[in-house]
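Lettering follows sequence order; numbering is per chain, from 1.
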Protein chains: 2
Amino acid sequence: MLKFEAKEYMAKDFNANEVRAILPGMSEPSDAAHSPAEPSLEEQIAAYQREFQGLDPQVEQVVSALQRLNRRMNVAYGRQTATLNMSNAEWEVLKALVVAGAPYQMGPGELAKRLGLTPAAMTHRIDRMASEGLVTRERDEANRVRVIVELTQEGREKWVEAMRMASVFEEDLLQDLSTEERGQLGEMLTRLLCRVEDAQPDADGRLNDLD
Amino acid sequence: MLKFEAKEYMAKDFNANEVRAILPGMSEPSDAAHSPAEPSLEEQIAAYQREFQGLDPQVEQVVSALQRLNRRMNVAYGRQTATLNMSNAEWEVLKALVVAGAPYQMGPGELAKRLGLTPAAMTHRIDRMASEGLVTRERDEANRVRVIVELTQEGREKWVEAMRMASVFEEDLLQDLSTEERGQLGEMLTRLLCRVEDAQPDADGRLNDLD
DNA sequence: GCTTCGAACTTTAGCATTGAAGTCTTCAGG
DNA sequence: CCTGAAGACTTCAATGCTAAAGTTCGAAGC
């Protein structure tokens with residue numbers, strides 16, 4: 001019944017398209033003229049500087065590395081969830097329910113907000129996950145407008161499995177960083193995150209200082 | 001002719017769903033019981049630790065901050081490209097062509113690999129962009145199997161506009177980091193990126209050491 | 001009590017993407 | 001030449017998403 005069988009093109013959602021991105025270049029290590037070979041970070045930044053005067057290469061290094069890294073990580077997560085016959089989209093739902101804590105219940109609307117998609121999309125996603133036995137869906141009898149999505153035992157176990165794989169991967173990923181470096185990195189990223197969250201950019205891209 | 005008009009729900013592709021994610025919480029700062037309010041990073045990590053024994057909170061801090069940050073940034077980029085009547089998807093194509101350098105030409109297949117989507121999707125995307133005048137599409141007369149996608153003047157100007165906005169945003173984002181910190185951050189991220197790229201994870205999520 | 005409004009979810013139509021099949025061109029043999 | 005195979009792109013059916021309309025329930029006003 002393997003619905004997701006590591007097709008190396010899958011992961012329909014959750015940064016849908018990325019799975020493919022990582023595999024293609026490595027087919028022919030020799031042929032220099034024909035195999036495109038994704039440009040390295042340095043090449044990319046050099047090109048940007050060439051075409052756009054006044055770009056700060058240091059800033060661009062941070063931003064571009066961040067984006068690429070995140071993409072690669074999502075590809076990795078996609079492969080892992082695929083081995084559990086799951087998509088990253090489903091994993092995201094499991095995560096939200098687990099973070100909510102026992103009794104692992106949330107409404108579709110709230111889930112939709114958390115995951116950043118429309119309520120309509122959430123309806124369909126819950127349909128699928130319910131038919132796979134990862135969650136249950138039932139009306140709230142106390143307030144019959146609402147619907148309660150609840151994690152099943154199987155859903156929880158799937159989350160634990162996925163988490164186990166993810167944590168191994170993440171530990172391996174950070175292997176080359178010392179404990180001190182990890183702390184610095186986490187702290188700096190958190191600081192950037194706060195900056196984005198506290199101050200929403202207006203249309204000009206400038207962050208509004210709220211503090 | 002404004003096709004993209006800052007609808008706060010748009011950005012069909014390029015991490016499609018994220019645009020919505022950033023807006024919802026801030027409606028009612030008072031109501032504590034009813035407004036879900038996305039859990040903070042600390043809450044999320046605490047929940048993971050509660051439900052999954054043996055998780056390294058430091059690692060999780062890095063990974064989770066990275067993911068959230070990237071999401072928020074993509075929302076910001078989406079808003080900016082929207083003001084240029086563009087989607088992030090189109091911006092990605094422009095970027096690839098600019099990085100290729102003069103004469104700003106690439107084949108659809110190569111573009112598809114770069115952006116991590118299927119050739120079929122690329123065909124349609126090029127259709128749209130050609131009809132908007134951002135690129136041209138023509139058969140390579142020297143090798144009539146191939147197709148050449150070329151950036152138009154307008155496409156280049158759009159890229160420059162988008163880049164201008166993006167660079168302002170990025171500079172603002174990193175404002176709180178000293179030059180030294182920026183260097184450290186970029187260096188660490190690059191190191192992580194190299195680790196992911198050099199060693200592809202197998203199904204167990206373990207990175208294969210290639211060095 | 002009836003109506004009206006709003007909230008929460010579902011349904012519908014349209015679009016972008018995937019995966020598979022199809023078309024067209026080139027090249028290598030026979 | 002003609003044929004077969006491989007490559008590059010396109011076409012087609014199905015999937016998952018968004019936006020907008022629809023449905024159902026609950027709460028407030030008259």
Could you list, one pair per line, each protein nitrogen or oxygen that sits under 3.5 Å from a nitrogen or oxygen of nucleotides 26-29 of chain C, together with the distance?
unit_1, atom_1, unit_2, atom_2, d
C:dT26, OP1, B:Arg144, N, 3.0

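- Residues satisfying the salt bridge (Lys or Arg N to Asp or Glu O under 4.0 Å) criterion with A:Arg68, sequence neighbours excluded, are absent altogether.
- Between B:Arg146 and C:dT25, a side-chain N or O to OP1/OP2 separation shorter than 4.0 Å is absent.
- The aromatic rings of B:Trp159 and A:Phe52 sit perpendicular, their planes meeting at an angle over 60°, well past the 30° parallel limit.
- Taking atom NZ of residue A:Lys113 and atom C1' of nucleotide C:dA8, one finds them 10 Å apart after rounding to whole Å.
- With C:dC9, C:dT18, D:dA20 as the candidates, the nucleotide lying closest to the side chain of A:Ala120 is D:dA20.
- Residues forming a side chain to side chain contact (heavy atoms under 4.5 Å, CB included) with A:Glu161 (at least two apart in sequence, or on another chain): A:Leu84, A:Arg164.
- One atom, CE of A:Met122, and another, P of D:dG16, lie 13 Å apart when rounded to the nearest Å.
- An OP1 or OP2 oxygen of C:dA16 is reached within less than 4.0 angstrom by a side-chain nitrogen or oxygen of B:Arg128.
- Distance CD1 (B:Ile126) to P (C:dT17): 11 Å, rounded to an integer number of Å.
- Every residue two or more places apart in sequence or in another chain was checked for a side-chain hydrogen bond (donor to acceptor under 3.5 Å, both in side chains) with A:Glu138, and none qualifies.
- In this structure, B:Glu110 atom CD and D:dC9 atom P are separated by 9 Å, rounded to whole Å.
- Considering only side-chain N and O atoms, B:Arg139 lies nowhere under 4.0 angstrom from the phosphate OP1 or OP2 of C:dT25.
- A:Leu117 places its CG atom 14 Å from the P atom of C:dC9, with the value rounded to the nearest Å.
- Applying the side-chain hydrogen bond (donor to acceptor under 3.5 Å, both in side chains) criterion to A:Asp127, with sequence neighbours excluded, gives A:Arg137.
- Here C:dC15 presents its P atom at 16 Å from CZ of B:Arg125, a figure rounded to the nearest Å.
- For B:Glu42, the side-chain hydrogen bond (donor to acceptor under 3.5 Å, both in side chains) test picks out B:Ser40, with sequence neighbours left out.
- In this entry the distance linking CD of A:Glu132 with C1' of D:dG16 reads 14 Å, nearest Å.
- Using a 30° and 60° split on the angle between ring planes, B:Phe169 and B:Tyr77 fall in the perpendicular class, above 60°.
- Remark: P of C:dA8 and CD of A:Glu138 are 18 Å apart, rounded to the nearest angstrom.
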